[in-house]
Number of protein chains: 2
Amino acid sequence: MSLKHGILGLLANGPMTGYELSNDFNTSLSFMWHAQQSQVYRELGDLEKNGYVTSTIIPQEGKPNKKQYAISDSGVQELVHWLNEYHFQDSLKVRDAFVLRIFFSARGNSDKLKSALHAYVEWNKTLLGQLDAIEQQYLPPERLQAESDALYWLISLKKGRYTFRANVEWGTETLTILEQLNHGGTQHE
Amino acid sequence: MSLKHGILGLLANGPMTGYELSNDFNTSLSFMWHAQQSQVYRELGDLEKNGYVTSTIIPQEGKPNKKQYAISDSGVQELVHWLNEYHFQDSLKVRDAFVLRIFFSARGNSDKLKSALHAYVEWNKTLLGQLDAIEQQYLPPERLQAESDALYWLISLKKGRYTFRANVEWGTETLTILEQLNHGGTQHE
DNA sequence: TGGGTCATGTAACCTGTTACATGATTAG
DNA sequence: CTAATCATGTAACAGGTTACATGACCCA
């Protein structure tokens, strides 16, 4: 239900191609909504069929033609309607295969688990660094003063920070617990 | 891919019915893996078709018959194989419609947003309380000493705590930011 | 007498994933 | 010369959601 609205939201700031949209969902937006390229193209097809967006083909030289999508009036209407629903229950439906594995890990290999946790912590630190880069690129201080969008950008970004920081803290604490176990005696596997 | 292994993991501790499995995924396990009842029944059908589980019908009086599933040898094998993969990339693919909405909220109604955030914070506090209840019910101190499973239970539970706590902190900070905005002057909508 | 729990599922639909296909240009 | 980037998509499949269907028992 929401990739649709993610696309409409982006197009509300100006026309974009499927390629550009897809890149955004895989880079600067990936900490709040991730999507596959093939999914974006399919969704754009549906949106156009339903009249929420229109498309124009832009010829290019030396590169493949672009197909640029623009939001329609009914698209804006649909976006605003969705926006004001503000329910959050769906976003709390967790599906975390990594934690699920750990839950069953008495049957697993504890060395593998430790190195996975280490990589997990490092990766979350990398993600935190990416958020800093995004902030520097899209949210210079002068923009925060001038544009009302920028504040909501910043708030969303903070959500990513809280999440990844929590992951780092949990991972680090867990590693400590597992190390103590090893030194303390009883070893599984 | 992982509901399958979640079911196998639970069945590794003893036989269960679809109804019981489904309840677990909607209550005590929901902070790490959430699943619909209909999904559990479908998955059990597939697992049985592939020989990972076997079923026995247990007649009951005054209640509908139970269909109890037990894990097979190849099921255990499949579980252990999955367990030792330990990759975490999937669990970091975010899809958070609430944050996405906020990202576009310059076009939305800020009073609605504030009350939604308030509810979000309260709900996350409720979830934290549920984790405490789960810990008290399943993880009394004596069990942590005695059973090696219990440690991994606890670690998974901590993940839920970190996550929901981060949500509370982010929501609270965001509310403060939005309040200041209102008092400071410029109002959207 | 109305709603909750116990207990099984099916069907239709929507969303997400993986893999494939094409083909020119550009940077290392 | 090889890999990445630009740019479009399709097809098949896997996984998740919503709604429906049945029926007895228990509690307020």
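We name chains A, B, ... by the order of the sequence lines, and we start the count at 1 in each one.
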Undergrad: Is there a donor-acceptor contact under 3.5 Å linking the side chains of B/Tyr162 and A/Glu173?
TA: yes

Undergrad: C/dT15 C1' sits how many Å from A/Phe25 CZ, rounded?
TA: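 So the two atoms are 14 Å apart, to the nearest Å.
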
Undergrad: Mind grabbing the angle between the end helix axes of the helix from C/dT1-D/dA28 to C/dG28-D/dC1? Five pairs an end, 10° rounding.
TA: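 Nearest ten degrees gives 50° for this helix.
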
Undergrad: To the nearest Å, give me how far apart NE2 (B/His87) and P (C/dT17) are.
TA: 13 Å

Undergrad: Where along residues 43-53 of chain A does a heavy atom fall under 4.0 Å from DNA chain C?
TA: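 Those residues whose heavy atoms fall under 4.0 Å from DNA chain C, taken from residues 43-53 of chain A, amount to none.
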
Undergrad: Would you mind checking if B/Arg101 and A/Glu85 are paired as a salt bridge, meaning a charged N to carboxylate O distance below 4.0 Å?
TA: yes

Undergrad: From the options B/Ile57, B/Thr56, B/Thr17, select the one residue that forms a side-chain contact (heavy atoms from CB on, under 4.5 Å) with B/Lys66.
TA: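 By the side-chain contact (heavy atoms from CB on, under 4.5 Å) criterion, B/Lys66 pairs with just one of B/Ile57, B/Thr56, B/Thr17: B/Thr17.
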
Undergrad: Evaluate side chain to side chain donor-acceptor pair (under 3.5 Å) for A/Ser22 paired with A/Tyr41, printing each intermediate quantity in order.
TA: CA-CA 8 Å; A/Ser22 155; A/Tyr41 282 113; over 6 Å; no

Undergrad: Measure from NE2 on A/His5 to C1' on C/dT15 and round the result to the nearest Å.
TA: 14 Å

Undergrad: What is the distance, rounded to the nearest whole Å, between atom CE of B/Met1 and atom P of D/dC13?
TA: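 To the nearest whole Å, that distance equals 15 Å.
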
Undergrad: In whole Å, I'd like the distance from the CD1 atom of A/Ile7 to the P atom of C/dG16.
TA: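 Going from A/Ile7 (CD1) to C/dG16 (P), I get 10 Å.
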
Undergrad: What string of B, S and - do you get for nucleotides 3-11 of chain C, 5' to 3', when a contact is any protein heavy atom under 4.0 Å?
TA: --SBBBBB-

Undergrad: Taking only N and O in the side chain of B/Arg95, is any of them less than 4.0 Å away from OP1 or OP2 of D/dG15?
TA: no

Undergrad: Among residues two or more places apart or on two chains, list those pairs meeting side-chain hydrogen bond (donor to acceptor under 3.5 Å, both in side chains) that have a residue in residues 133-145 of chain A.
TA: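 Of all non-adjacent pairs touching residues 133-145 of chain A, those that pass side-chain hydrogen bond (donor to acceptor under 3.5 Å, both in side chains) are A/Glu135-A/Arg161, A/Arg143-A/Glu147.
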
Undergrad: Any side-chain N or O of A/Gln39 under 4.0 Å from OP1/OP2 of C/dT15?
TA: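 No.
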
Undergrad: Report the distance from atom CG of A/Asn26 to atom P of D/dT5, rounded to the nearest whole Å.
TA: 13 Å

Undergrad: In chain order, what residues pass the side-chain hydrogen bond (donor to acceptor under 3.5 Å, both in side chains) check against B/Trp33, with sequence neighbours excluded?
TA: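 side-chain hydrogen bond (donor to acceptor under 3.5 Å, both in side chains) check on B/Trp33 returns nothing, list empty.
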
Undergrad: How many Å lie between NZ on B/Lys93 and C1' on C/dT18, as a whole number?
TA: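 That distance rounds to 10 Å.
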
Undergrad: Would you please say whether a donor-acceptor pair under 3.5 Å links the side chains of B/Tyr86 and A/Ser115?
TA: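 No, no side-chain donor-acceptor pair sits under 3.5 Å.
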
Undergrad: Expressed in angstrom and rounded to an integer, what is the separation of A/Leu100 atom CG from D/dG15 atom P?
TA: 14 Å

Undergrad: Check for a donor-acceptor pair, side chain of A/Asn65 on one end and backbone N or O of A/Gln60 on the other, with a separation under 3.5 Å.
TA: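 Here the side-chain-to-backbone pair exists.
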
Undergrad: Are the aromatic ring centres of B/Trp170 and B/Tyr120 under 6.0 angstrom apart?
TA: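 That pair passes the under 6.0 Å test.
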
Undergrad: Testing the 3.5 Å rule here: is there a donor-acceptor pair between the side chains of B/Ser55 and B/Glu48?
TA: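 Looking only at side-chain atoms, B/Glu48 and B/Ser55 do form a donor-acceptor pair, the distance falling under 3.5 Å.
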
Undergrad: List the residues meeting ring pair (Phe, Tyr, Trp, His ring centres under 6.0 Å) with A/Phe104, not counting sequence neighbours, and say none if there are none.
TA: none

Undergrad: For a quick test of reading the model: is some side-chain N or O of B/Gln36 closer than 4.0 Å to OP1 or OP2 of D/dT17?
TA: yes

